[in-house]
Each structure stands twice: as structure tokens, then as C-alpha cells.
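Notes for the one structure printed next.
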Amino acid sequence: MPVVRLLRLRAALTLLGEVPRRPASRGVPGSRRTQKSSGARWEEEKREDRVKWRQLEHKGPYFAPPYEPLPDGVCFFYDGKPMRLSMKAEEVATFYGRMLDHEYTTKEVFRKNFFNDWRKEMTVEEREVIKSLDKCDFTEIHRYFVDKAAARKALTREEKQKLKEEAEKLQQEFGYCILDGHREKIGNFKTEPPGLFRGRGDHPKMGMLKRRVVPEDVVINCSRDSKIPEPPVGHQWKEVRSDNTVMWLAAWTESIQNSIKYIMLNPCSKLKGEKAWQKFETARRLRGFVDEIRSQYRADWKSQEMKTRQRAVALYFIDKLALRAGNEKEDGEAADTVGCCSLRVEHVQLHPEADGCQHVVELDFLGKDSVRYYNRVPVEKPVYKNLQLFMKNKAPRDDLFDRLTTTSLNKHLQELMDGLTAKVFRTYNASITLQEQLRALTRAEDSIAAKILSYNRANRAVAILCNHQRATSSAFEKSMQNLQTKIQAKKEQVAEARAELRKARAEHKAQGDGKSRSVLEKKRRLLEKLQEQLAWLSVQATDKEENKQVALGTSKLNYLDPRISIAWCFRY
DNA sequence: CGACAGACTTAGAACACAATAT
DNA sequence: ATATTGTGTTCTAAGTCTGTCG
């Protein structure tokens with residue numbers, strides 16, 4: 001049901017995607033591309049470009065506090081018998097215990113991975129005893145953390161204030177750095193605390209132990225002549241380096257995927273802000289190229305080369321549907337998700353005719369964060385024909401675009417416009433959609449509230465285009481249920497009123513007097529009123545439902561060129 | 001080229017806190 | 001005053017994309 005609604009909204013949007021923008025201007029003069037041939041200067045500029053700072057000074061990361069053993073009254077039980085755990089084993093047990101009310105702990109993979117890693121932390125003796133997770137009882141541990149959270153919530157105003165001040169002190173000490181003479185806020189100045197890995201979707205590694213980060217894991221990046229951050233007493237940094245071509249202040253390798261985690265600046269910092277500005281400039285530049293690029297990929301649908309055809313169809317999807325590029329993923333390392341280039345035959349269904357349209361493509365796959373993308377969309381005939389061709393003689397698990405990689409696609413895009421990559425289309429189409437929608441929805445004479453509603457609706461249109469969804473919380477389910485109960489009650493009232501109306505009508509027919517006539521009228525009005533109320537309630541429910549699964553934050557934060565919003569504010 | 005590491009952006013969940021309804 | 005709902009912030013996972021190396 002929700003999918004159907006999303007679909008309806010998306011269908012309206014897809015049309016918007018077709019709206020032609022501003023007449024194509026010629027290539028931007030003086031763009032880097034044109035300088036490329038002039039060799040040395042460009043090379044120099046490029047190198048210059050890579051330098052991110054001249055001075056960088058900071059305090060290093062703030063480490064997660066050491067493990068605090070459980071108080072004596074809190075015990076772990078194995079097979080019904082209390083058992084005192086070694087500190088290491090106990091710490092990992094608390095990671096699991098505090099998650100007891102989370103869905104994760106019901107998942108077989110999570111449990112298996114946790115138990116496996118937990119056993120590695122146990123002493124030989126513990127390992128000898130603890131052989132089955134089913135016999136483990138963490139309920140006391142769980143209760144301890146629940147109580148602790150409740151106690152924290154119940155603190156007095158003063159105590160809360162004190163905690164807040166302490167956090168602020170920490171922020172002041174570790175949360176800022178000096179970059180080229182300016183004090184800049186750091187985004188994440190704390191190392192990630194140890195815990196159980198919470199992968200999204202069907203992640204094969206969920207439940208694995210995420211190791212505690214120690215200074216010996218951490219590489220510090222700062223300028224050579226700055227005050228080098230002090231490692232915590234008794235510890236050393238893994239390395240101190242001075243690389244001014246990168247933005248990070250500290251880094252360590254995480255123990256689940258062996259990938260690198262970074263301490264970086266806050267988005268409001270100059271460096272991050274400039275990058276965001278550049279991103280929107282690139283998207284804006286695409287405006288002048290997009291018509292030509294579109295006619296180019298349309299022409300390529302008929303190319304002799306399979307590779308070119310696949311690229312052209314993929315690009316059409318990326319442009320029209322705002323799909324992500326879709327890099328290859330190592331399987332077994334993460335959840336099975338795809339993007340455009342990694343779509344498989346099983347994700348696509350072709351309908352010669354559906355919903356009154358010809359050449360309908362049905363896409364159904366899990367994208368980033370295992371969010372489902374479901375869309376039925378009419379496509380141009382050559383696209384449809386090409387898809388038939390790409391799917392011919394392939395198994396469901398085979399790649400749809402077997403001759404295409406994100407690298408080759410981006411290489412092609414780079415040739416069409418300097419700085420163009422697949423994700424630029426998402427930024428471009430998101431921003432242009434906001435602009436178009438704002439224009440279509442806002443009226444100068446509207447109230448402020450109505451204008452804000454228009455803005456939010458435009459924002460929602462973008463979120464739907466980009467498939468930004470959120471899980472409906474349990475609180476939402478409850479409030480939805482309340483609403484449904486109300487609707488049900490109203491329905492019964494309507495049925496009752498209808499029955500009474502029928503009775504009154506029969507009465508009036510039999511008696512034919514004025515009194516029975518006025519009763520009849522009254523009943524009629526009552527029914528009408530109740531029906532109206534019912535209709536309003538179901539509209540509310542629909543609205544709530546639609547809103548609840550759309551997440552506006554991500555597009556607001558990453559995709560909408562702020563200049564569009566600012567211009568709109570000034571205008572209205 | 002293709003695999004891989006590295007760096008950076010984008011993402012939803014969880015949490016904290018404020019606004020509003022009851 | 002308290003419960004409920006909405007909103008902003010924090011956290012960190014999961015993407016994109018580039019550069020390097022064999």
C-alpha cells in the first residue's frame with residue numbers, strides 16, 4: 001500500500017524531470033577543461049587544488065571512557081546458575097545485554113556472530129562452560145542498563161545542567177582545531193566506542209564485536225610545527241604525519257570491514273562548506289550541458305556497440321530516476337544492495353502495457369542502506385527494446401549491464417563535462433525539482449503557513465525522487481492505530497446513522513406528516529456530517545502515512561542548493 | 001585494465017530536546 | 001503537569017569516486 005502511494009507521487013515527479021530547462025548555453029568558457037591542453041599551468045593548478053591547509057593543530061581524538069565493571073548485585077546467569085565473568089567477557093556481555101529489547105538480538109546471524117566473537121574474549125575456563133547462547137541469561141544486565149537510563153532521565157534540573165556543562169567543556173577542549181589560523185569546529189571528535197556491529201539490512205557481519213579504539217590504532221595528522229597532540233598517559237600514537245592534501249585530523253582502521261574511519265571537520269567549517277559549494281556549482285554547470293547530454297544518450301541507444309547502449313540506458317535511468325551509480329560490492333562482506341550499474345536481471349520486469357501506458361519498466365531492488373526502491377515507470381520505446389535485449393538469455397542473478405562499470409561510466413561523463421560524475425545528476429535533478437516545485441506551488445498571496453507548506457511539499461517531492469525513506473517508528477504505529485480506531489468508530493456511527501435514516505424514511509412514508517419529515521431531514525444532515533468527518537479522518541491518515549515514510553532531512557542537507565531556498569525566501 | 005586502498009559524501013537510526021496537546 | 005508528537009543533533013554505516021599498483 002505505501003509503495004503504491006509513493007508510486008503515485010513519483011509518477012507526477014517523473015514528468016517534472018522531463019521539463020526542459022533553460023536553453024542550452026555553449027560550454028562554459030574558461031572552464032578547466034579548456035585549460036587542460038595548456039599543460040603545465042593546469043597541472044600546477046591541480047596540485048595547488050589538492051592542498052587543503054597550511055596549518056592544522058588539534059588535541060587529537062577524545063577516547064571512549066574505559067569499561068566500568070558491573071556492580072556486585074548485577075549478575076550474568078548461565079544455564080540458570082550465576083556466573084562471574086572476567087572483565088573482558090563481561091564487557092562484551094554488556095554490549096549484548098543492553099540490546100536485549102532490540103530486534104537485532106532475535107536475528108540468527110546477529111546472535112551467531114556475537115557468540116562467536118564473544119567466545120574469543122573469554123578465558124579458557126569461561127569458554128569451557130559457555131557453549132550455547134540459548135543458555136545465557138542477560139536479563140539482570142539488561143535491567144541494570146534500563147534502570148541506569150531511567151535514573152539519568154530522572155535527574156534534577158541542576159544535575160542535568162551540570163552534565164551539560166561537562167559536555168560543553170569537553171566540546172571546547174577537543175571539539176575544535178586551528179586550521180590556517182581559524183578556530184574550526186570538528187564534526188566527530190570522539191573515537192567510536194566498542195560495541196556490537198549494527199549493519200543495515202541483511203548484513204552478514206551484524207553482531208560482530210567492534211573493537212575498542214586505542215591510541216596505538218590512531219594516526220594523527222597535523223602540521224609539523226604545530227603543538228602535537230598528547231596521547232593519553234601511558235600510550236602512544238600509531239603515527240604522526242603531516243599530510244596537507246587531506247582534510248582529516250586523525251584516522252584509525254575499524255575492525256569489522258577493515259576500513260578507515262576519520263576525524264574530520266564539521267560541515268559548517270570553511271573547508272567543508274567550500275566543497276559543498278563546489279558540488280552545487282558543478283550541478284549548476286550541468287544545467288548548460290544537460291540537453292546535449294540527453295540527446296547524446298538518446299542517440300547512443302541505437303549504437304552498434306553493446307557497451308555504449310548499456311551506458312546510454314543506464315545514464316537514462318540515472319538522469320530520469322535519480323538512481324545512484326551502483327559500484328560493485330564484494331559479496332559476503334555487506335548486505336546485498338545495488339545501484340544503477342549493478343542492477344541485476346531479477347530487479348527488472350518489463351510490461352508491454354501497464355497502468356494504461358506502454359513500455360512500462362518495473363524496478364524493485366534494495367538500494368543504499370537496504371532501502372527498497374520500487375517504481376513502475378513508462379520509458380521511451382528504444383529503452384524498453386534495449387532492456388529486452390540486455391535481459392535476453394540471462395539468469396535472474398546476472399548483471400543487467402554486464403558491459404558497464406561505474407568507472408567507465410564516469411570516465412565517459414568526465415569527457416562530456418569537466419567534473420561530471422553520476423552523482424551530479426542526483427544533485428542537479430534534486431535541486432531543479434525543488435526549484436520547479438516551489439515555482440508551481442507558491443502563491444504570493446498565501447499565508448506564511450501556506451507558504452511553508454508549499455516549501456515542505458516541494459522538499460517532499462525531492463525526497464520522493466531520491467527515495468529517501470525512514471522506518472516508521474513504533475510510536476508512529478501506535479498513533480496511527482489511534483487514528484484507525486477513531487476511523488473505525490466513525491464508520492460505525494455512519495452505519496448507525498444510515499440505518500436510522502432508513503427507518504425515518506419508512507416512518508415518513510407511512511405517516512406523511514410534518515413531524516416525521518423534520519426527523520427525516522435531521523437524520524439526513526447527521527449522516528452527511530458524519531460522512532464528512534470520516535472523510536477528513538481518512539485524509540489525515542493518508543497524509544500521515546505518506547509523510548511518515550518520507551525523510552526530508554537528507555535532501556535538505558545534501559541535495560538542495562541553498563541558494564534556491566534563499567532566493568525563494570527573499571521572494572516570498 | 002582491474003583490484004584495492006583511501007578519502008570523502010550521503011544515509012537512516014537513535015537519541016535529546018522542544019513544542020504542543022491533553 | 002504530563003503525555004505525545006515534532007524537530008534537530010549525533011552517530012556511524014554505506015555509499016561514491018579517485019589514485020595507485022601490478
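Chain letters run A, B, ... following the sequence lines, proteins first, then strands; residues in each count from 1.
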Let me spell it out: for each of A:F189 and A:G199, pick the nucleotide of DNA chain C with the closest heavy atom. Which residue's pick is nearer the 5' end?
A:F189
Contact class for A:S259 (heavy atom, under 4.0 Å): base, sugar-phosphate, or nothing?
nothing
Short N-O contact, A:E254 and A:K210, less than 4.0 angstrom:
no
Nearest heavy atoms of A:M206 and A:G201, plus distance in Å:
CE-O, 3.3 Å
Can you give one letter per nucleotide of nucleotides 1-11 of chain B, 5' to 3': B if a protein heavy atom sits under 4.0 Å from the base, S if only from the sugar-phosphate, - if neither?
-----SBBSBS
With a 4.0 Å cutoff (strictly under), does any side-chain N or O of A:N327 reach OP1 or OP2 of C:dT16?
yes
For A:L404 and C:dT16, give me the distance from atom CG to atom C1', rounded to whole Å.
15 Å
Using 30° and 60° as the class limits, which term best fits the ring planes of A:Y297 and A:Y316: parallel, tilted or perpendicular?
perpendicular
Within 6.0 angstrom of A:E68 CD, more than 12 heavy atoms from elsewhere
no
Interatomic distance, A:E328 CD vs C:dC17 C1' [rounded to whole Å]:
14 Å
Classify every nucleotide of nucleotides 14-22 of chain B by which part a protein heavy atom approaches to under 4.0 Å, writing B for the base, S for the sugar-phosphate alone and - for neither, in 5'-to-3' order.
S--------
Remember a base hit wins even if backbone is also touched, and classify A:G187 as base, sugar-phosphate or nothing at under 4.0 Å, heavy atoms.
nothing
C:dA13 P sits how many Å from A:M206 CE, rounded?
13 Å
Determine, for A:D364 against A:R372, whether the closest basic-nitrogen to carboxylate-oxygen distance falls under 4.0 angstrom.
yes
In whole angstrom, give the distance that lies between atom CZ of A:F95 and atom C1' of C:dT12.
15 Å
Should A:K261 be listed as having a side-chain N or O under 4.0 Å from OP1 or OP2 of C:dA13?
yes
With ring centroids as reference points, do A:F138 and A:W118 lie under 6.0 angstrom apart?
yes
Rounding to an integer number of Å, can you tell me how far A:I263 CD1 sits from C:dT10 C1'?
13 Å
Once you apply a heavy-atom cut-off of 4.0 Å, does A:G553 come out as touching a base, just sugar-phosphate, or nothing?
nothing
Got a sec: does the NZ of A:K162 have more than 12 other heavy atoms crowding it under 6.0 Å?
no
A:I256 has an atom CD1; how far is it from atom P of C:dA13, in whole Å?
8 Å
Tell me: CG of A:L196 to P of C:dT12, nearest whole Å?
13 Å
Does A:T406 make a side-chain N or O approach to OP1 or OP2 of C:dT16 shorter than 4.0 Å?
no
Considering only C:dG15, C:dA14, C:dT18, which nucleotide approaches the side chain of A:K329 most closely?
C:dG15
Within the 4.0 Å heavy-atom criterion, would you say A:K210 contacts the bases, only the backbone, or no part of the nucleic acid?
sugar-phosphate
For A:P193, answer base if it contacts any base atom (sugar-phosphate contacts may also be present), sugar-phosphate if it contacts only those atoms, and nothing otherwise; contact means non-hydrogen atoms under 4.0 Å.
sugar-phosphate
Within a 6.0 Å radius of atom CZ on A:R224, are there more than 12 heavy atoms belonging to other residues, nucleotides or ligands?
no
Using a heavy-atom cut-off of under 4.0 Å over every strand shown, decide if A:G367 touches base, sugar-phosphate, or nothing.
sugar-phosphate
When the distance from CD of A:E254 to P of C:dC11 is rounded to whole Å, what number comes out?
17 Å
Any chance you could lay out the side chain to side chain donor-acceptor pair (under 3.5 Å) test for A:E274 and A:Q278, step after step, and finish with the verdict?
CA-CA 6 Å; A:E274 275 172 0; A:Q278 270 174 20; over 6 Å; no
Closest-nucleotide 5' rank along DNA chain C - winner of A:N410 and A:H203
A:H203
Decide side chain to side chain donor-acceptor pair (under 3.5 Å) for A:Y572 and A:S454; before the verdict, give the C-alpha distance in whole Å, the side-chain angles of both, and the deciding distance to 0.1 Å.
CA-CA 11 Å; A:Y572 294 108; A:S454 298; over 6 Å; no
